[in-house]
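First the proteins, then the strands, lettered A, B, ... as listed; each starts at 1.
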Number of protein chains: 2
Amino acid sequence: MRGNLFAVGVDLVVLTVRGDELCVLLVRRSEQPFEGSWGLPGGFVAPDEDLADTAARELSAQIGSGAAGRVTGHLEQLAGYAAPDRDPRGRVLSVAFLALLPDLPDPDQPGVTSGWHPVADVADLAFDHTRILSDGVERARETLEYTTLAAAFCPPEFTITDLRRVYEAVWRTEIDPRNFSRKVTSTPGFLIPTNRHVTGGPGRPAQLFRRGPATRLHPAMLREPAVRAAG
Amino acid sequence: MRGNLFAVGVDLVVLTVRGDELCVLLVRRSEQPFEGSWGLPGGFVAPDEDLADTAARELSAQIGSGAAGRVTGHLEQLAGYAAPDRDPRGRVLSVAFLALLPDLPDPDQPGVTSGWHPVADVADLAFDHTRILSDGVERARETLEYTTLAAAFCPPEFTITDLRRVYEAVWRTEIDPRNFSRKVTSTPGFLIPTNRHVTGGPGRPAQLFRRGPATRLHPAMLREPAVRAAG
DNA sequence: ATAATAGTGTCTCTTAGACATTATGAA
DNA sequence: TTCATAATGTCTAAGAGACACTATTAT
């Protein structure tokens, strides 16, 4: 009466920006199937969990609950994947979540080999994880266009240059620092100025900001120049 | 080793525009649980189906495969819903899909009571369908901002006024016809002019257009005026 | 002083928003 | 003629893109 039964798991596309590159957290599989391959971290949904609970639990397990507690990141559902042959063990539906985190140290999990990998270098993941990663990266790219979520890639206090490097890494483009600064500082509620500045490096010290309450960019910041109207 | 098992279904948020209102296709449930309540159409995933297959099959079953074949609509995955108590029969995960269709006649399915209901009037659906509907409507509203998918609500040939009424119904706003016309006609690939015109009514005959290949609006059309920058 | 980076300012072009006018049909 | 609707045009202000200049630190 209700069709066949599925195992249901949650897979995580955990993204961060390290240096100039967008990176994803991968784990090396220690079991069949795809033993020895890299794949997305994930796990099955426990009896009393909702999907977001499973995702949050798995994320804490991966990056360490200590780090998870003080991180100003972002976690959202991406999509469900359930192709009949996606798992050789049988029918497994996976709901993928997208996590955006500031740059954290490499995880050091007992018995689990995991680490950050530049997205551009990733290929041939286990299951359909290459496709899920691709969907997650595209979602992140779109999200940065019309929301303020780029700040989820930054630590609690960050400079405008830090924020710009996030956009440049995720979009793989260069952005004019002056126009970028004008855009983000003129969006009400995007950035809250602190009176603290970064010191140590060369050049004029940059002001530190915190995330403000704004969630959407009006109008959007475009990856590519607008298509010129005909005529 | 893989957690507990779920029944997996697909629920459809099928939206159309009738007159000046955004409407959703609902079915009256003839079985427990929630017997007699209205709910979203849906069904379980068959053994060899992927999620999109199930969604397409259910959609055809609801609106009639004849209508489905000639319709220029849109079908996309919305989200997965799996709260532990969402179905009293046990653990059921539902992947919701959003369908946008032109105005079609009321379905006449043997043994199934279904029909179009203005979204604004809908309340107290079965299961968590009120929430799913709400998510679907919000997705549709966002989508119209930065894509050309409003045309999925229109028949194969339509006027600019038809298209504007879609935006007005989905957003529940009024849009200036002159600025709207300029926006959509100046977006390359949004509308392909035919040389046919509608006749019969009062006023100057309007030109008929078909959907073009463009998928995104650059820049977006905003529901609400942009927030004025501080200063 | 020099290099490097942060921050501000200016100019132009495109587009959104507000609104007027003309065009073309039905009653 | 009158009414209704389509289609085009005009003006203004906001914002994007391009780029020059000033400010403040390390070496």
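Straight-line distance from the CD atom of Gln207(A) to the P atom of dT25(D): 13 Å, rounded to whole Å. Residue His218(A) contributes atom NE2, which lies 17 Å from atom C1' of dT15(C) at whole-angstrom precision. Per the geometry, CZ belonging to Arg204(A) stands 8 Å off P belonging to dT25(D), to the nearest Å. At whole-Å resolution of the value, CG in Leu191(B) and C1' in dA7(D) are 14 Å apart. Note: CD (Glu174(B)) to C1' (dG17(C)) measures 15 Å, nearest angstrom. Rounded to whole Å, the distance from CZ on Phe180(A) to P on dA16(D) is 12 Å. As a whole-Å value, the separation of Leu163(A) CG from dG7(C) P is 12 Å. Here dG15(D) presents its P atom at 18 Å from CD of Glu145(A), a figure rounded to the nearest Å.
For Arg182(A) against dG17(D), a side-chain-to-base donor-acceptor contact under 3.5 Å is present. Side-chain atoms of Arg178(B) stay outside donor-acceptor range of the base of dA18(C), with no qualifying N/O pair under 3.5 Å.
Side-chain contact check for Leu40(A) versus Phe127(A): every heavy-atom pair is 4.5 Å or farther apart.
Taking the nucleotide of DNA chain C with the nearest heavy atom to each of Ala220(B) and Thr185(A), the more 5' of the two is matched to Thr185(A). Residue order along DNA chain D, read from the 5' end via each residue's closest nucleotide, puts Arg164(B) first among Asn179(B) and Arg164(B). Taking the nucleotide of DNA chain D with the nearest heavy atom to each of Thr199(A) and Asp176(A), the more 5' of the two is matched to Asp176(A).
Ser181(B) places no side-chain N or O within donor-acceptor distance of the main-chain N or O of Pro177(B), the cut-off being under 3.5 Å.
Regarding contacts with the backbone of dA16(D), a side-chain N or O of Lys183(A) is found under 4.0 angstrom from either OP1 or OP2. Within the structure, every side-chain polar atom (N or O) of Thr161(A) is placed at least 4.0 Å from both OP1 and OP2 of dT5(C). Phosphate contact (OP1/OP2 of dA6(C), side-chain N/O of Ser181(A), threshold under 4.0 Å): absent.
For Pro205(A), whose side chain is taken as the heavy atoms from C-beta onward, the closest listed nucleotide among dA18(C), dG7(C), dT24(D) is dT24(D).
The aromatic rings of Tyr167(B) and Trp171(B) sit perpendicular, their planes meeting at an angle over 60°, well past the 30° parallel limit.
How far CD1 of Ile160(A) is from CD of Gln207(A): 7.5 Å, rounded to the nearest 0.5 Å.
Under the 3.5 Å distance criterion, with hydrogens and angles disregarded, a donor-acceptor pair is assigned to the side chains of Tyr81(A) and Asp135(A).
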